[in-house]
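Remarks on the structure that follows.
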Amino acid sequence: MSNPQSDTTVAASAASLTIGGLFCHQARYPPRRVALQDANGEYTYGEVNERVNRLANWLAARGLSRGERVAVLSENRIEYLEAMLAAAKLGAIVAAQNWRLAAGELEHCIRLTEPRIMLVSERHAPVLADVNHDVTTVLRFGQDYESALAGASIAEPPNAAQGEDGLLILYTSGTTGLPKGALISHRAEIARGQTFYIDHEIEREDAFVAWAPLFHMVSTDLSLAALCRGSKVIVQDGYDPDALAAVVGRERIGWLVLMPGMIESFIEAMGRGGIQPSGVKSCGCMADLVPLHQIAEVTRLLDAPYVNSFGSTETGSGPATAGLIAPGTVAKNLSKVQSSYCEVRLVDADDQEVPDGEPGELAIRGPSLFSGYWQAPEVNARDFRGGWFHMGDMFVRNPDGTLDFVDRRKYLIKSGGENIYPAEIERVLLADARIADAVVVRTPDARWGEVPVAFVVPAVDNLTEDDVLACCRGQIAGYKMPKGVRFVTDADLPRSTTGKIKRHELEAQLKKPEAV
């Protein structure tokens, strides 16, 4: 009689899907479909698969095996995705390095993951030269890389990976401290693509433009999803509004990634080139950080809804990215719609579910979740407690099941015994067409402990502090009113690589003697 437990283990292995296996299938049938496109040309699935095999065999010949890391330090380029696919076939892990980091931060990220091999572009090789690391095998993209591929076998390597094996390490950071490495498995990457495609009705014929850095989830998740499905990925070297507008004019696109802070320049580029979109299913992300009139303008221009997203490196597009803002609409609220194929709870400090209408920390479980932070057992034990991943973000559930983002759990303004969440004030400010952007931070106050201060980017020349305060009166409680307004330019707002404002840097500005 067979052992039921042993039978289950065997069955689980057979049920495993991997990125490498799915891509290999697309490369066989039919091999002439375009997989990757950049400024230099187009490359079919068959052509890319041959190069991926050569790279995988080159890496394996230098000892890279299942579970080991290969670090990549590079701008967006086709070779970056080749490295991800080669690692996927070997069961190895790509540690995607953030080239925007200072040398000390980059050294921390490399040493944290202990890569056996480093792939680096010519552009960022000087940065690596300033970093103290122990990686002995370093291969530069360009002629060295092409020579390495030319001398490697074209044979299909054995697919050594399993679904729960790590595929990527993407680095995340909060407002302080060194980056953490989020380990993302084949299972998670496949689930992320499936969920987004289902929620937003993206088809195989819809291309994806990977302009956002490949060391972040937005481009890695959707690029890998497209390559597992037989779609085209257009690789661009960062954000170039004119180049992106040109792609929109000639390609059918599923999701056009537009980040906070770039929408105005993209609209200008479309007008400058007199470009009409060829077809966009949806656009944008992080609606909470974008002025509502900008959302209305860009969606009207593209005739495509705006993705009212809420996700993270750790979760993918979930937990709440299924909702859309209709073209040309100035949204009355930004309530989120829960993504497919995940479960969500809102809990209090004791991990007890809160009733509708009460703020609670969002906890999620589902197949798109990452596998934990690299070498951080204490953090993982805390954040995955009770079988759920606790995001640290506060939401309120409405009677219709939608979710309203309140703010980060740890970023509270505690004023006179009351809790103030900056997003409550920012929503009101961003709804005013005279305000191009706004962010609220806390500052110490002798009477109340802390009070909110608003940094405002005016959209008109004559905006005054009284105007800003007047647009808040009656919209928020009196104790939430900003106790000061500082006018700044968009360039003065410090942003992360995903477009989020770095509140702690603005707080530091308020502590300077000249600050009011």
Side-chain angles (χ1 to χ4, degrees), residues 23 27 34-64 68-90 92-101 103 106-107 109-110 113 115-155 157 168-169 209-216 219-220 223-224 227 232-240 243 497:
F23 174 76
V34 174
L36 298 174
Q37 180 188 92
D38 65 5
N40 297 316
E42 295 184 335
Y43 310 88
T44 67
Y45 271 84
E47 290 170 337
V48 174
N49 192 53
E50 288 181 2
R51 289 174 58 82
V52 168
N53 288 349
R54 290 182 184 275
L55 178 57
N57 289 319
W58 186 91
L59 293 169
R62 280 143 192 84
L64 189 72
E68 292 189 310
R69 276 75 62 204
V70 52
V72 180
L73 178 64
S74 173
E75 68 279 4
N76 285 13
R77 54 193 299 156
I78 282 175
E79 295 93 330
Y80 207 134
L81 289 171
E82 290 174 349
M84 290 183 183
L85 293 169
K89 291 191 177 188
L90 296 175
I93 303 168
V94 170
Q97 304 301 311
N98 182 343
W99 42 261
R100 290 174 171 153
L101 297 180
L106 188 57
E107 178 181 335
C109 292
I110 294 173
T113 53
R116 176 180 284 272
I117 298 171
M118 171 76 74
L119 303 179
V120 61
S121 68
E122 291 288 341
R123 184 185 305 172
H124 297 294
V127 176
L128 186 63
D130 293 333
V131 174
N132 183 18
H133 63 83
D134 297 325
V135 185
T136 57
T137 302
V138 178
L139 180 64
R140 290 196 184 194
F141 292 141
Q143 187 56 51
D144 291 350
Y145 180 84
E146 295 303 324
S147 296
L149 265 59
S153 170
I154 200 173
L168 297 170
I169 293 174
V209 186
W211 67 261
L214 281 164
F215 58 70
H216 278 312
S219 282
T220 54
S223 293
L224 292 173
L227 292 171
K232 181 196 297 185
V233 177
I234 302 165
V235 181
Q236 292 196 334
D237 182 6
Y239 174 58
D240 179 331
T497 52

Is there a donor-acceptor contact under 3.5 Å from the side chain of Arg116 to the main chain of Gly63?
-> yes
Here the gap from Leu128 atom CG to Glu107 atom CD, rounded to the nearest 0.5 Å, amounts to 11.0 Å
Donor-acceptor contact present, side-chain Asn76 to main-chain Ala210, <3.5 Å | yes
Minimum-distance pair of heavy atoms, taken over all atoms of Ala150 and Arg54 = O-NH1, 3.6 Å
Output, in order, the C-alpha distance, side-chain angles, deciding distance and verdict of side chain to side chain contact (heavy atoms under 4.5 Å, CB included) for Leu168 and Leu224.
-> CA-CA 11 Å; Leu168 297 170; Leu224 292 173; 4.1 Å; yes
For the side chain of Asp130 and the backbone of Ala103, is there at least one donor-acceptor N/O pair under 3.5 Å apart?
-> no
CG-CG distance between Leu59 and Leu119, expressed to the nearest 0.5 angstrom = 6.5 Å
Leu64 side, atom CG; Asn57 side, atom CG - distance, nearest 0.5 Å = 11.5 Å
Side chain of Asp237, backbone of Glu75: donor and acceptor closer than 3.5 Å?
-> no
Would you name the heavy atoms of Ile93 and Ala87 that are closest together and state the gap between them?
-> N-CB, 4.5 Å
Measure the NZ-OH distance between Lys232 and Tyr45 for me, rounded to the nearest 0.5 Å.
-> 10.5 Å
Stepwise, does the side chain to side chain contact (heavy atoms under 4.5 Å, CB included) test hold for Leu139 with Thr137?
-> CA-CA 7 Å; Leu139 180 64; Thr137 302; 5.8 Å; no
Side chain to side chain contact (heavy atoms under 4.5 Å, CB included) between Leu36 and Leu227: does it pass, once the steps are laid out?
-> CA-CA 9 Å; Leu36 298 174; Leu227 292 171; 4.0 Å; yes
Provide the closest heavy-atom pair for Ala56 versus Leu90 in the form atom of the first, atom of the second, distance.
-> O-CD1, 3.5 Å
Is a side-chain N or O of Arg62 found less than 3.5 angstrom from the main chain of Trp58, in a donor-acceptor match?
-> yes
Mind checking the NE2-CG spacing from His124 to Asn98? Nearest 0.5 Å is all I need.
-> 9.5 Å
Within the side chain of Arg69, is there an N or O that forms a donor-acceptor pair under 3.5 Å with the backbone of Ala95?
-> no
Do the side chains of Trp99 and Val127 get nearer than 4.5 Å, heavy atoms only?
-> no
Is the backbone of Phe215 close enough, under 3.5 Å, to the side chain of Ser219 for a donor and an acceptor to pair up by distance?
-> no
When you check the gap from the basic side-chain N to the acidic O, do Glu79 and Arg140 get nearer than 4.0 Å?
-> no
Given side chains that start at C-beta, do those of Ile110 and Met118 come closer than 4.5 Å, heavy atoms only?
-> yes
Verify side chain to side chain contact (heavy atoms under 4.5 Å, CB included) between Leu73 and Leu106, making sure each step is shown before the conclusion.
-> CA-CA 10 Å; Leu73 178 64; Leu106 188 57; 4.1 Å; yes
Minimum heavy-atom distance Leu214-Ser223, with the two atoms named = CD2-OG, 4.3 Å
Would you name the heavy atoms of Phe141 and Tyr80 that are closest together and state the gap between them?
-> CZ-N, 4.3 Å
Identify the heavy atoms of Gln236 and Ala243 that sit nearest to each other, and give their distance.
-> NE2-O, 3.4 Å
First locate atom CZ of Arg100, then atom NE2 of His216, and finally report the distance between them rounded to the nearest 0.5 Å.
-> 6.5 Å
Distance-only side-chain donor-acceptor flag, Tyr145 / Glu82, under 3.5 Å | yes
Can you find a pair of side-chain heavy atoms, one from Pro157 and one from Asn53, that are under 4.5 Å apart?
-> yes
